[in-house]
Structures are given as structure tokens and as C-alpha cells.
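Basis for what follows: all heavy atoms, side chains included, without hydrogens, waters or symmetry-related copies.
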Amino acid sequence: MFGKKEEARVSNQEIRTLIGIGCLFDGNLTIPEGLTRIDGEIRGNISGKGGLILGERGSVRGDIDLERVVVYGRVQGNIKAQSLEIKAGGRVDGNVQVKELIIEKGAVYNGECKMEGGEAPTELQSSRVDMSPTGSPSS
């Protein structure tokens, strides 16, 4: 399920909460810190300062507002996060507001995306391009 690179990242943080396959949680969930892994089903909103790994068989029907979200399963709702990764086989149906977004080949994303951060250019560089049919510069 995890590649070696992902395993290394996950092992640096301790999974504090696990909602296993076959479990159904109906209600809002707060993740104050640490990492939560969901392989079951959540019907409600998830918020807090922690991170979330949504496993291949996991699903969330509700909005997510966390620091970091990694989706292998399915989300039906809006996501607000510093970092969002939608892995191959993952699906997000909803709008996202993020600073960092990674969508792997084979993932599905349906919604609008708003990226935070990054500076807009203050001045656009102008370059003249000859658009005349003869190809001669116009004065």
C-alpha cells in the first residue's frame, strides 16, 4: 500500500488514532495533533491540527480541515489543508483549498481548487510578436 518513500514519511509521525476496516463513525471528528489513519467510513466533518491518511478502503463523507491529508480512498466533501496528496486509486469529489497539491496518475479529482501562497508577478513583461499576415513588423 505504501511505497518506501511514503513509509519513511509516515514512520516519522506516530499514528495516534486508527479507524479500521468495517468501522463506521457517524459524527464530527477532531484531530488535535498527530496522525490519524482511516480505513473505515466517516460520515461527518474532520478538523484539527493533525494529519490524516485515508486508506484505500477508507471513505469520508464530509468536509476536512487539517494540516496534511493523504488520500488513497474516497472523499466526498471539501478539503482545506496545508498539504494534500491524492494517490493513485484515490478520489476526491469536492473543492480544495491548499498550499501544496499533489495528484498522482490514476487519481481522480472533481472540484475547484484554490491555491494559497505564492506571489503573483507585480509586472508583466511585454514582448512584441509579429501577428501581421505578411510577417513584417508593424509600426
Side-chain angles (χ1 to χ4, degrees):
M1 181 173 350
F2 293 113
K4 288 184 181 184
K5 188 176 180 182
E6 186 66 24
E7 284 178 6
R9 266 196 249 163
V10 171
S11 66
N12 291 335
Q13 287 189 329
E14 178 183 324
I15 294 179
R16 295 182 177 205
T17 306
L18 173 65
I19 298 176
I21 295 171
C23 290
L24 168 64
F25 184 88
D26 194 358
N28 296 331
L29 181 64
T30 301
I31 302 172
E33 60 184 31
L35 195 58
T36 295
R37 180 174 173 101
I38 297 172
D39 291 313
E41 183 179 350
I42 303 291
R43 293 182 193 159
N45 300 326
I46 303 173
S47 63
K49 301 267 186 221
L52 172 68
I53 297 172
L54 184 62
E56 293 172 346
R57 295 172 70 184
S59 69
V60 174
R61 252 192 242 175
D63 294 340
I64 299 172
D65 184 355
L66 293 169
E67 292 292 317
R68 181 164 185 245
V69 179
V70 180
V71 177
Y72 290 89
R74 182 171 184 157
V75 176
Q76 291 178 297
N78 301 322
I79 299 175
K80 182 177 181 183
Q82 297 293 315
S83 172
L84 170 62
E85 294 181 48
I86 308 171
K87 300 294 190 175
R91 181 181 183 108
V92 173
D93 293 307
N95 300 331
V96 300
Q97 183 177 347
V98 295
K99 286 192 177 180
E100 178 183 86
L101 175 63
I102 299 170
I103 302 174
E104 286 186 352
K105 183 177 182 178
V108 176
Y109 170 60
N110 293 306
E112 293 182 19
C113 178
K114 180 178 179 187
M115 300 286 294
E116 296 178 356
E119 295 293 320
T122 56
E123 191 177 305
L124 293 176
Q125 299 242 342
S126 175
S127 61
R128 292 189 148 190
V129 178
D130 181 12
M131 299 298 286
S132 66
T134 62
S136 62
S138 56
S139 310

Distance from Ile19 atom CD1 to Ile42 atom CD1, nearest 0.5 Å? 3.5 Å
Suppose we screen for side-chain contact (heavy atoms from CB on, under 4.5 Å). Which residues come up paired with Lys99, at least two apart in sequence or across chains? Gln82, Glu116
Write down the atom of Arg91, the atom of Ile86, and the distance for their closest heavy-atom approach. N-CG2, 4.3 Å
Kindly write out the residues that satisfy salt bridge (Lys or Arg N to Asp or Glu O under 4.0 Å) with Glu104, not counting sequence neighbours, or none if the list is empty. Lys87
Does Leu18 have any side-chain contact (heavy atoms from CB on, under 4.5 Å) partners at least two apart in sequence or in another chain, and if so, which? Arg37, Asp39
Would you compute the distance between atom CE of Met115 and atom CD of Glu100 and round it to the nearest 0.5 angstrom? 8.0 Å
Checking Arg68 against Glu85 for the salt bridge (Lys or Arg N to Asp or Glu O under 4.0 Å) test, could you report, in this order, the C-alpha distance in whole Å, the side-chain angles of both residues, the deciding distance, and whether it holds? CA-CA 8 Å; Arg68 181 164 185 245; Glu85 294 181 48; 2.8 Å; yes
Any salt bridge (charged side-chain N to carboxylate O under 4.0 Å, His left out) involving residues 69-81? Give me the pairs, sequence neighbours left out, ordered by first then second residue. Arg74-Asp93
If hydrophobic clusters are built from ILVMFWY residues whose side chains come within less than 4.5 Å, do Leu35 and Ile38 share one? no
Can you list, pair by pair, the side-chain donor-acceptor contacts under 3.5 Å of residues 60-67, counting residues two or more places apart and other chains?
unit_1 : atom_1 : unit_2 : atom_2 : d
Arg61  : NE     : Gln76  : OE1    : 3.4
Asp63  : OD1    : Asn78  : N      : 2.9

Say you draw a straight line from SG of Cys113 to CD1 of Ile103; how long is it, rounded to the nearest 0.5 Å? 7.0 Å
Test of understanding: clusters of I, L, V, M, F, W, Y form through side-chain heavy atoms closer than 4.5 Å, transitively. Do Ile31 and Val71 belong to the same one? yes
Hey, could you give me the CD1/CG distance between Ile46 and Leu54, rounded to the nearest 0.5 Å? 7.5 Å
State which residue, out of Thr17, Ile15, Ile53, fulfils the side chain to side chain contact (heavy atoms under 4.5 Å, CB included) condition with Thr36. Thr17
Which salt bridge (charged side-chain N to carboxylate O under 4.0 Å, His left out) pairs, counting each pair once, include a residue from residues 19-30, with sequence neighbours left out? none
Honestly curious: do Leu29 and Val70 fall in one hydrophobic cluster under the side-chain, below-4.5 Å linking rule? no
Single-linkage hydrophobic cluster, 4.5 Å side-chain cutoff, Val96 and Tyr72 together: no
Tell me whether Glu41 is salt-bridged to Arg43, with the criterion being a basic N under 4.0 Å from an acidic carboxylate O. yes
Residues Val69 and Ala81: closest non-hydrogen pair is CG2-CB, 4.1 Å
